[in-house]
Amino acid sequence: THTHASTMPGKIVGMIGGGQLGRMMIQNLDNLPEGLVSKVIVLDPEGPESPAGQLVPASDVLTGSPRNPEDLVALAEQCDVVTFDLEFVSTQALQSYTDKVFPSVACHDVISDKLKQKEWFAFAGVPVVPSPEAEDTTFPRVVKRRCGGYNGQGVVVVHDQAQQDEVTQQFGGADETVVEVFCHLTHEVSAMVLRLADNSVHCFPIVEVVTQDVAGQGSVCHCTVYPSSLATRVQDAAEDVARRAIQSLPEGSVGIFGVEMFVELGGAVKINEIAMRPHNTGHYTEALFGEVNQFSTHLRAVCGDLGTPDLSEPKAPACISYNLFGSEVDADLPEGSTSRKYGKKEVRPNRKMGHCNLLGQTRAEVVDAAMLLNPSIKFAAVGVIMGSTSDWPVMSKAVTCLKHHGVGVDVQVVSAHRTPREMYAYADRAQSMGLRLIIAGAGGAAHLPGMVASLTDLPVLGVPVKSRALQGLDSLLSIVQMPRGVPVLTMAIDGAENAARSAVRILRLSGRPAVQLEGF
């Protein structure tokens with residue numbers, strides 16, 4: 001529940017765009033304080049046939065374009081509050097209505113342009129994925145459309161200058177694109193951050209984003225998983241980055257924001273992109289927090305309510321939100337799940353048609369349920385850990401081999417000496433995360449594989465990393481000489497690829513549902 005319920009008279013809310021997000025906001029009207037919203041008017045090119053337009057009287061639908069100034073003015077004239085289902089809006093027409101548009105026109109102008117967004121956050125001291133320096137000739141890189149890219153579209157990884165020039169021209173030239181260095185990330189995470197009219201911010205829990213490459217669309221969110229597999233320290237850092245980003249936005253940046261972030265090896269967190277509306281990665285909030293979800297809190301905030309969401313008691317220890325693409329929307333869903341269908345008229349492959357949420361006692365439980373629905377999703381079956389980022393050149397070979405065989409991987413830096421509490425916590429939660437085994441690499445004293453093996457029932461494969469002092473012999477002897485009852489399957493010095501191949505063979509025999517092997 002919220003505290004500080006509003007007593008203001010009912011507002012007429014204008015919805016720019018009538019897609020699934022607007023539809024789910026309308027479906028959450030019953031979760032608002034009585035009298036806060038009197039009705040919703042939807043502006044969409046599909047009019048009454050749009051997903052949101054289907055849920056309101058025909059008299060409360062404007063058939064028109066969010067890019068047409070006259071249509072925007074017609075909507076604003078009828079409403080007390082105007083908010084967004086999408087960012088592709090010609091906001092010049094709304095300059096005369098800045099007192100009723102939330103998030104504000106100024107906020108929209110920052111968020112809807114990826115270059116302005118990056119420059120804004122960099123100036124505010126919020127970490128972002130940088131652009132390459134003029135003298136930098138390294139590839140790969142990422143080329144993005146400044147405006148209009150969405151859901152994986154308008155983003156291309158390029159591998160040389162010729163390809164960069166070609167994609168830049170396809171996107172309209174250098175002035176219409178943003179070029180970023182390729183971020184060697186270990187995890188994608190997201191946070192839904194609510195900003196109220198008093199500029200206070202409130203953050204829903206960090207969730208892990210599982211993506212899948214879709215033909216013609218690039219990397220698309222397939223599901224979000226709570227809790228994240230990351231160490232508490234890294235999750236706290238991600239929440240701090242998300243809070244600071246939303247706090248820095250212009251005056252009137254009121255409502256819910258979807259903050260997508262990259263986590264690099266070692267735990268550094270950088271902003272990828274931000275959406276100024278409910279977001280695909282926030283659908284889990286309906287299951288995990290009931291009436292206090294991304295849709296209801298957004299509507300409350302834009303209507304001026306200062307209620308503080310109580311996020312202290314999630315309804316379960318674990319949750320997965322799974323996107324239903326194409327004909328999946330009519331599939332049999334896991335027992336106990338709840339679903340939303342988006343009301344789209346045309347069912348197409350790779351088109352998001354709905355989603356389902358499932359609560360559980362552990363991450364492994366909800367992941368296994370999703371795997372039964374779609375075995376092709378690459379949830380992490382193997383944890384690859386190392387004592388330091390300096391071990392990455394060796395351990396990356398294990399990651400490459402596992403991915404080549406279609407095995408999902410969770411990569412983290414976990415030190416037995418520098419972060420022993422994180423090592424204990426990692427080993428303790430590894431099985432409940434859904435991992436089937438662990439590959440641990442370490443050099444020198446090399447205590448990491450043995451310590452983790454002593455704390456978990458999962459098989460541990462140890463990789464001795466070559467050291468400067470004794471050429472890795474110290475690492476090898478440390479890992480291989482384990483006492484009885486604490487087995488570590490030890491590889492040769494720098495034998496990360498063989499560890500991965502051994503892992504693939506073990507997984508092949510396990511028969512567990514979250515293991516999919518390709519080309520083995």
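Counting begins at 1 with the first residue of the sequence.
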Do Glu286 and Asn28 meet the criterion of a side-chain donor-acceptor pair at a distance under 3.5 Å?
-> yes
Across all chains, not counting sequence neighbours, the salt bridge (Lys or Arg N to Asp or Glu O under 4.0 Å) partners of Glu46 are none
Using a distance-only test with no angle check, is there a side-chain donor-acceptor pair under 3.5 angstrom linking His202 and Ser200?
-> yes
Flag side-chain contact, heavy atom, 4.5 Å: Thr168 against Val143 | yes
Report the residues that fulfil salt bridge (Lys or Arg N to Asp or Glu O under 4.0 Å) with Arg67, sequence neighbours left out, ordered by chain and then residue number.
-> none
How far apart are the C-alpha atoms of Asp80 and Lys11, what are their side-chain angles, what is the distance that settles it, and do they pass the salt bridge (Lys or Arg N to Asp or Glu O under 4.0 Å) test?
-> CA-CA 6 Å; Asp80 302 306; Lys11 303 277 189 179; over 6 Å; no
Is there a donor-acceptor contact under 3.5 Å linking the side chains of Thr83 and His298?
-> yes
Residues that Ser59 engages under side chain to side chain donor-acceptor pair (under 3.5 Å), provided they are two or more places apart | none
Short side-chain donor-acceptor distance under 3.5 Å, Arg23 and Gln54 = yes
Give me the ring orientation class for His283 and His355: parallel if the planes are under 30° apart, tilted from 30 to 60°, perpendicular past 60°.
-> parallel
Does one side chain, of Gln294 or Tyr284, offer a donor that lies under 3.5 Å from an acceptor on the other?
-> no
With distance as the sole criterion, is a donor-acceptor pair present between the side chains of Ser432 and Thr362 under 3.5 Å?
-> no
Determine whether the side chains of Glu208 and Ser229 contain a donor N or O and an acceptor N or O closer than 3.5 Å.
-> yes
Under the side chain to side chain contact (heavy atoms under 4.5 Å, CB included) test, which residues partner Ala301, sequence neighbours left out?
-> Leu194, Leu196, Val254
Using distance alone, with no hydrogens and no angle criterion, decide if Asn293 and Glu291 have a side-chain donor and acceptor under 3.5 Å apart.
-> no
Between the CG atom in Leu359 and the OG1 atom in Thr338, the distance rounded to the nearest 0.5 Å is 7.0 Å
Residues passing the salt bridge (Lys or Arg N to Asp or Glu O under 4.0 Å) test with Glu365, sequence neighbours excluded, are none
Side chain to side chain donor-acceptor pair (under 3.5 Å): which pairs involve residues 172-182, sequence neighbours left out?
-> Lys118-Glu180, Lys144-Glu180
So NZ of Lys39 and SG of Cys79: to nearest 0.5 Å the spacing works out to 8.0 Å
